[in-house]
Amino acid sequence: MLRISGLTKTFGSVRALDDVSLDVPAGQIVGIIGRSGAGKSTMLRLINRLNEPTAGSVVYEGTDVTALRGRDLRAWRARCAMIFQQFNLVDRLDVMTNVLLGRANHVSPALAMLKLWSAQDRAMAMTALEMFDMGRLAAQRAGTLSGGQQQRVAICRALVQEPDLILADEPVASLDPRNTRLVMDALRTINREFGITVLVNLHSLDLARHYCDRLVGLAAGRLVFDGPPVALTDAVSRELYGLEADEVTDADPAADPRVTPLPARRSAGAH
Amino acid sequence: MAQSLPRLSENRLSPLMDGYARALAARRARSLAYSAIFFVVTALAVLAAEVDLTKFFANIGNIGSYFDRILTLENGQRVWTDPAEWFWGWKPWGRLLLDTLLIAYVGTIIGAVAGFLLCFVASANLVANPWIRSSVRRLLEFSRTVPELVFALIFVIAFGLGPVPGVLALAIHTMGALGKQFYEVVENIDMKPVEGVSSTGASWAMTVRFAVVPQVLSGFLSYALVRFEVNVRGAAVMGFVGAGGIGQDLLEAIRKFYYSDVSALLVMIIATVVIIDLISERLRHRLLSMESAR
Amino acid sequence: MTARVAEGPLGRQARQRRAELEGRYPEIFSPPLLSRAIVLALLGAALALFLFGFWQLGFSFGRMWRGLGRLGDFIPLMFPPNPETWARTEMYLWSLAETMAIAFLGTVGAAILAFPLSLFAAKTVVRSWVLRWPTRRLFNSVSGVDTLIWALIWINVVGLGPFAGVLAVMTSDIGALGRLFSEALEAADRKAVDGVTSTGGGPVSRVRFGIIPQVLPVMASQVLYFFESNTRSATIIGIVGAGGIGAHLSEQIRILEWQQVSFLVILILVTVAAIDWVSGKLRFAIMGRAPAGAAA
């Protein structure tokens, strides 16, 4: 169980995340939705501790994650794998090494520095790659792959961390529709087969409705919705997205911004 | 020309011309002021450096005669008529030149390794702690600002005469110069892989090894090669202060007026430097094409 | 929180399938040694040469240990830096001014002489290789000789003193500056040249109006870089008697006056930093931005 309480992050005078509290039981796929700048990325980065929160805490199974330092912090990062919009692979290293970097926290540092990975680690990486049809690309340089392939490599890297949860930050925002489907299916497979909790930031409401057990809506850094996909009414989505609501969903073609009254202004905190 | 450009009427032309003239005048005034500063500085410098043009022109013939003398053997013949006599000392000189190259090589390697280890700690994008970062930067700055010959002079006293102080002096200077170039490369890398690797729980050292080094290695190598070229020149004069290499013999030849030896040593040094430059340039181009092929 | 030892489901799957995977992807499990072997061989050769150098140049543990010990004795003696008398301080400041004058005049002289020569060495200005080739060889040869060697030679011609230093800085920079200038000329945009040609300009006006206005700022910024680096070299040519603060520095080191030495070193550091700062400002004013890769 992941318990987020009062989590706040300010950049200068901008409140990117404003007093967000949330409980995530193990095994869920949670979609975090909202327009860009609503604080979705910030929230995931605070959980992995790529950024430090201004206030509030993240507690995982009784451990205060926000207080961890050094070795313990790295062990926590290994338990909550991150997936990025831009994949964040090392372009110049081959796919295999990129995936094996997911083992970084589990192996002896001296051997890893010399790229001497154990056969078991290699087997794990290959198993993960094969799961997504990427086995034959293992020796290629990551930079030569397509975006969809790179994102699947990134998912494999996350998987070999054997994490408890995966934080996916706009994993499909740079991908075409076919690859979007592949990557989202991959996340669902991971969730179902390994019981890994998935927190995924999504811009598209349709995707979020289709893949997630539960949706969390952020607007201007505040939590404005938390519930199952069916509870996400048009009114709520318009509050979340404002005029963009049409763009992110095709579910309701009747919702024409020209005839709909303007929703409450939510753009103040967006940037 | 079929038809000439119609001339603007005088009352429309004159304000335009005036504006142009004013802009020009402002620019002229500024360049005049700069020139004045420049000439004052030059005049002061001429005074301080005791530039004596009458002496220079009185001695200008010396330049010709000096080069004439260093190109003449003791028997009065031109040096190239008897290469064996000209390069009579090629064996000891050759050995000293090899020593010089080794001094440059060992000094470059020690300095490059030290610069490599320090540059990551000096990079703003990898180390958040400003104290660590700026103390490393000050160290690098000190090492490259104090001239290597000054280090050599001090080390000669500490370590005794010979190549050892020369190597150490070059190494320190190289560490400072390369360390700076290295951290500037590191500060320009793509940070996405760094985030990716550190998000897996990798340690700082591991993140540097896998997310930073692959991005910067070829740049580092090419800077190190350039530094080696510079160090070959530097090693050639280490002997002036007793820090090994061919410099000692050259100094003696010049001071004791062994004219043909001076030219022979200069030819050997220039040839070595030019060959090293060529090889290093080849290697750097190879590195560059390898990089773009990847 | 510590890393868990327990194996996850992926680990279990991998353990079961390891033999099968190893059979299917032999190159992943035992990577081909060849590419690694080449890298290792190169590294080994470099290391061997390095160790040979250590041995050949007379490095030894005992020597390093004693030397470092002696260095450890000197360093405390350097503090506090102290010129002792005001007369000394004045003398040092004068030779510092001399040092800067050497650097300044040497750089300016080198730039003035290198500019016309660089025109001969630039492919875009002089088409025929008859002039270009020897000019380039000249540049390479002249810049292959260190400033200090030139200083010794010039001392034979104009005698001891700073003037020999000016000439030395000048000669050794003509080569390097000339090469950089000709590269700048070759990198100049052809469009401006075509523009001048299209109005009927001859070869001289092509260079004067088509190329030079483009490259002048680049050249000026390179000259400033050379001024910075010449300030550093001018501090040491005094060691061979060609003027500047180097004479005092080597003298004080020889007679082991460590407080004087550290004072002189600090003086040099401050001067170099000041020159760098001024020159950086000027470069910024000329280029409008910090030029990348213009450093020599």
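Keep in mind the model is a prediction, meaning the values are calculated, not measured. Order of the sequence lines sets the chain letters (A, B, ...), proteins ahead of strands, with each chain counted from 1.
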Checklist entry - Side chains of Leu49(C) and Leu102(B): closer than 4.5 Å at any heavy-atom pair? => result yes
Next on the checklist: Is the shortest side-chain heavy-atom distance between Ile157(B) and Phe74(C) below 4.5 Å?
Outcome noted: yes
Item to check | Which portion of Leu153(B) sits near chain C, non-hydrogen atoms under 4.5 angstrom | outcome: both
Checklist entry - Is it the side chain or the backbone of Val41(B) that comes within 4.5 Å of chain C heavy atoms, both, or neither? => result both
Item to check | Proximal component of Leu250(B), with respect to chain C [non-hydrogen, under 4.5 Å] | outcome: side chain
Checklist entry - Do Ile154(B) and Met78(C) touch side chain to side chain, with heavy atoms closer than 4.5 Å? => result yes
Next on the checklist: Does any part of the side chain of Met64(C), heavy atoms only, come nearer than 4.5 Å to the side chain of Phe159(B), both counted from C-beta?
Outcome noted: yes
Checklist entry - Can you say whether Val232(B) sits under 4.5 Å from chain C via the side chain, the backbone, both, or neither, judging by heavy atoms? => result neither
Item to check | Non-hydrogen atoms of Val150(B) and Ile253(C) that approach each other most closely | outcome: O-CD1, 4.1 Å
Checklist entry - By a 4.5 Å heavy-atom criterion (distance strictly below it), what part of Tyr34(B) contacts chain C: side chain, backbone, both, or neither? => result neither
Item to check | Which portion of Ile276(B) sits near chain C, non-hydrogen atoms under 4.5 angstrom | outcome: neither
Item to check | Asn156(C) side chain reached by Phe257(B) side chain, heavy atoms, under 4.5 Å | outcome: yes
